[in-house]
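Count residues from 1 along the sequence.
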Amino acid sequence: RFASQGGPIILSQIENEYGPESKALGAAGHAYINWAAKMAVALDTGVPWVMCKEDDAPDPMINACNGFYCDGFSPNKPYKPTMWTEAWSGWFTEFGGTIHHRPVQDLAFSVARFIQKGGSYINYYMYHGGTNFGRTAGGPFITTSYDYDVPIDEYGLIRQPKYGHLKELHKAIKLCEHALVSSDPTVTSLGAYQQAYVFNSGPRRCAAFLSNFHSTGARMTFNNMHYDLPAWSISILPDCRNVVFNTAKVGVQTSRVQMIPTNSRLFSWQTYDEDVSSLHERSSIAAGGLLEQINVTRDTSDYLWYMTNVDISSSELRGGKKPTLTVQSAGHALHVFVNGQFSGSAFGTREHRQFTFAKPVHLRAGINKIALLSIAVGLPNVGLHYESWKTGILGPVFLDGLGQGRKDLTMQKWFNKVGLKGEAMDLVSPNGGSSVDWIRGSLATQTKQTLKWYKAYFNAPGGDEPLALDMRSMGKGQVWINGQSIGKYWMAYANGDCSLCSYIGTFRPTKCQLGCGQPTQRWYHVPRSWLKPTQNLVVVFEELGGDPSKITLVKRSVAGVCADLQEHHPNAEKLDIDSHEESKTLHQAQVHLQCVPGQSISSIKFASFGTPTGTCGSFQQGTCHATNSHAIVEKNCIGRESCLVTVSNSIFGTDPCPNVLKRLSVEAVCSTGIATNRPDSRR
């Protein structure tokens, strides 16, 4: 229900990012926007309406910004609030592409930039990742996983440090609330790339944002005090004196997440052949030429067969050289069979959906049966007139290398068959495949067999960790659990540049890439709510060939946590903005380590108070090191779900390097087990 009805909904949206299409369509696009706005307002919801990325949104619609940065955005009327409806926390993934990582330092910087410019509303897209179960992934070529590098990942686990750093950011912004909502900023230049945005609404109501847009750190003088800002960062001062947060200084832990095999194995593998040889015997749609795929399938299946017969005389095959079959497809993937034998595959990409298959094929004298299996890898979901984008084999299709030259097959009689035999027989359901003669034993695990159905059973593992199937041993296809599809899988290897990643500078999806040379998506989410205690059915349809015996059920678990914190790192919770005196504990930095519920800290792999170097997983002692670092951290953390360790000389009983800014770096192991009930350490 809407807020006007006593419910929680405070905002409504009509249309989404229609602006580019509206401009391209001209008067017709503008008329549609006016109609949509009028229709929405007439619903009388009692809450404001927004249109995202729609510069000409008519009153009372509020036009809003979507993007990686929105500090340069202004609504189309001065009396409308400045709203950021999609702050992009990461980016989507496509099969064959890399994983896109947006550093949280830059994400926090973008949000602080928006707030200091007078922004009034922020919504993260995405904040919680998800899974494109079934055939719901769009794009085309978008992966089944829609994790998006978000604060709460696809499996529902908190991603640190992204979650924690944003939480600290919004704590700091909340401390500025009175000044932010009561005044407009006064902007003062503090250098070529440095500025101060000051919100002052009266005595004790002053908040400041000090910004440094340069690629190097800077020392700034503000209110007769010196402030050191890292590159590409903003410091937030809720009282115009004390820094409680800097976007580039991450003070929260980093979690190390792993996919760990469970003790639940998949057993009783059986197989069923899709049987290409009998295709021509089944009912099909006849056409003089090639038909567009989605118009034929009506999206009832990703698969459409294109079949034809070619009569080749013995004289045309002389010379011993195989003729070449060329097939041009509008997208998205293709498997070729000649006389029932697999002859090869070809694939498009998200950027280039169209592709051409051209390979030598074995033909015989007489009638040759050509069967082309075209596969859709998601439907288009954005772009001008994307409903008109073509999918499937539209030609030309021809044979080269025959005795009489090129033979064009494009306009001859073709037969289309929608879907797979296994789909029509409902092999994926627990009851649908009961009347089918599945083959048991070693035949079920032979590799490199195309168009094969596999099924097995497994018992649900104990615990409550999120689960996934490790499909690395397979090629491309779909998988079902107890009759429900967990999505499309494809071991397409990621091609990109994973060499460098810095939070400094304008972010674009190509900037910070991960996973080069690895399958774009290896693990596929299995919701525990879909499982029974025993005899869970898994069905796999494999297009290219794989080894199903190596499919494993894994659990997603936090294996360890790290923290790396400097002395004097501010703590926003310690600031009293109503007090004239500086809090003695404001700059009392504390390392906070926390495992997930049900886990406890079982060991400390690394601990150093001094000048350690490196990052989580590769910490090393520096030239300055307190020798009791490990013992102090171990005493305060072992056996607890979470612990706090203050970063100060007094806690470690020594100053290992006087007059040097020190830090505490820790790496801890989290293990399943009952944590002690001892409270968090406050040392």
Side-chain angles (χ1 to χ4, degrees), residues 103-105 108-109 161 164-165 168-169 172 190-191 194 210-212 214-237 241-254 502-504 562-575 582-593 604 606-616 618-633 636 644-667 681-683:
V104 69
Q105 299 95 322
F109 182 53
H165 195 54
E168 295 300 309
L169 165 66
L190 301 178
Q194 295 80 34
L210 307 183
S211 58
N212 176 23
H214 203 258
S215 58
T216 58
R219 166 161 280 202
M220 302 162 61
T221 301
F222 172 73
N223 279 354
N224 299 317
M225 297 177 67
H226 295 298
Y227 298 89
D228 293 314
L229 266 71
W232 198 253
S233 76
I234 290 176
S235 285
I236 299 177
L237 293 65
R241 298 192 312 275
N242 293 291
V243 175
V244 299
F245 183 86
N246 178 271
T247 58
K249 295 181 178 179
V250 178
V252 298
Q253 72 178 22
T254 295
S502 170
Y503 79 89
I504 299 171
C562 298
D564 181 31
L565 199 63
Q566 281 188 342
E567 288 182 293
H568 316 307
H569 186 90
N571 187 338
E573 293 180 349
K574 304 295 184 179
L575 178 67
E582 181 175 337
S583 169
K584 294 181 180 179
T585 60
L586 174 62
H587 296 285
Q588 190 178 75
Q590 289 183 312
V591 160
H592 185 197
L593 300 176
I604 304 299
F606 180 90
S608 177
F609 175 60
T611 58
T613 60
T615 58
C616 184
S618 62
F619 288 133
Q620 292 184 329
Q621 289 184 15
T623 55
C624 165
H625 168 69
T627 56
N628 63 345
S629 300
H630 192 279
I632 293 293
V633 174
N636 284 277
L644 289 167
V645 182
T646 301
V647 186
S648 70
N649 295 328
S650 61
I651 295 299
F652 291 89
T654 181
D655 187 346
C657 40
N659 303 318
V660 173
L661 183 63
K662 292 169 284 296
R663 63 192 315 114
L664 174 61
S665 298
V666 179
E667 181 176 355
S681 166
R682 300 294 168 181
R683 296 194 62 178

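Under the rule for a side chain to side chain contact (heavy atoms under 4.5 Å, CB included), the partners of Gln620 that lie at least two apart in sequence or sit in another chain are Thr613. Residues satisfying the side chain to side chain contact (heavy atoms under 4.5 Å, CB included) test with Ser215, not counting sequence neighbours, are Ile504. Remark: His165 engages Phe245 in a ring pair (Phe, Tyr, Trp, His ring centres under 6.0 Å) (not counting sequence neighbours). Applying the side chain to side chain contact (heavy atoms under 4.5 Å, CB included) criterion to Pro570, with sequence neighbours excluded, gives His587. Listed by chain and residue number, Lys171 satisfy the salt bridge (charged side-chain N to carboxylate O under 4.0 Å, His left out) test with Glu168 (two or more places apart in sequence, or in another chain).
Atom CH2 of Trp232 sits about 12.5 Å away from atom OG1 of Thr216, to the nearest 0.5 Å. For the atom pair His592 NE2 and Leu644 CG, the distance stands at 5.0 Å (nearest 0.5 Å). A distance of 11.5 Å separates SG of Cys616 from CZ of Phe606, quoted to the nearest 0.5 Å. Atom CG of residue Leu575 and atom CD1 of residue Ile236 lie 12.0 Å apart, to the nearest 0.5 angstrom. A distance of 5.0 Å separates OG of Ser608 from CD of Gln621, quoted to the nearest 0.5 Å. Atom CG of Asp228 is separated from atom CG of Leu210 by 11.0 Å, given to the nearest 0.5 angstrom.
Counting only heavy atoms from C-beta outward, the side chains of Phe619 and Pro612 never approach each other to under 4.5 Å. Within the 4.5 Å cutoff, the side chain of Asn571 has no heavy atoms near those of the Val244 side chain. Looking at Val591 and Val647, their side chains come closer than 4.5 Å, going by heavy atoms from C-beta outward. Side-chain contact check for Leu565 versus Arg663: every heavy-atom pair is 4.5 Å or farther apart. At a threshold of 4.5 Å between non-hydrogen side-chain atoms, the residues Leu661 and His568 count as touching. Asn246 is listed as a side-chain neighbour of Leu229, based on a closest heavy-atom distance under 4.5 Å. Side-chain atoms of Pro230 and Tyr503, non-hydrogen and from C-beta on, do get closer than 4.5 Å to each other. Looking only at side-chain heavy atoms (C-beta outward), Leu190 and Thr221 stay at 4.5 Å or farther from each other.
Counted by atom type alone, Ser233 and Asn212 present zero donor-acceptor pairs between their side chains at under 3.5 Å. Between the side chains of Ser650 and Ser648, at least one donor N or O sits under 3.5 Å from an acceptor N or O.
Residues Gln105 and Ala248 share a closest heavy-atom pair of CG-O, 3.7 Å. Of all heavy-atom pairs spanning Leu593 and Cys562, the tightest one is CD2-C, 4.1 Å. Closest approach of Ser211 and Met220 over heavy atoms only: O-CE, 3.9 Å. Nearest heavy-atom pair, Thr254 versus Pro161, reported as atom, atom and distance to 0.1 Å: OG1-CD, 3.8 Å.
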Apply side-chain contact (heavy atoms from CB on, under 4.5 Å) to Leu237 and Asn242, showing your working.
-> CA-CA 5 Å; Leu237 293 65; Asn242 293 291; over 6 Å; no
Determine, step by step, whether Asn649 and Thr654 satisfy the side-chain contact (heavy atoms from CB on, under 4.5 Å) criterion, reporting the C-alpha distance in whole Å, the side-chain angles of both residues, the deciding distance to 0.1 Å, and the verdict.
-> CA-CA 5 Å; Asn649 295 328; Thr654 181; over 6 Å; no
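Looking at Thr247, its side chain does come within 3.5 Å of a backbone N or O of Ile234 through a donor-acceptor pair. A donor-acceptor pair is defined here as one N or O able to donate and one able to accept, closer than 3.5 Å; such a pair exists between the side chain of Thr611 and the backbone of Cys624. A donor-acceptor pair is defined here as one N or O able to donate and one able to accept, closer than 3.5 Å; no such pair exists between the side chain of Asn223 and the backbone of Met225. Here the side chain of Tyr227 pairs no donor or acceptor atom with the backbone of Ser235 at under 3.5 angstrom.
Between Phe652 and Phe609, the ring-plane angle classifies as parallel under the 30° and 60° cut-offs.
Applying the salt bridge (Lys or Arg N to Asp or Glu O under 4.0 Å) rule to pairs touching residues 651-662 yields Glu567-Lys662, Asp655-Lys662, sequence neighbours excluded.
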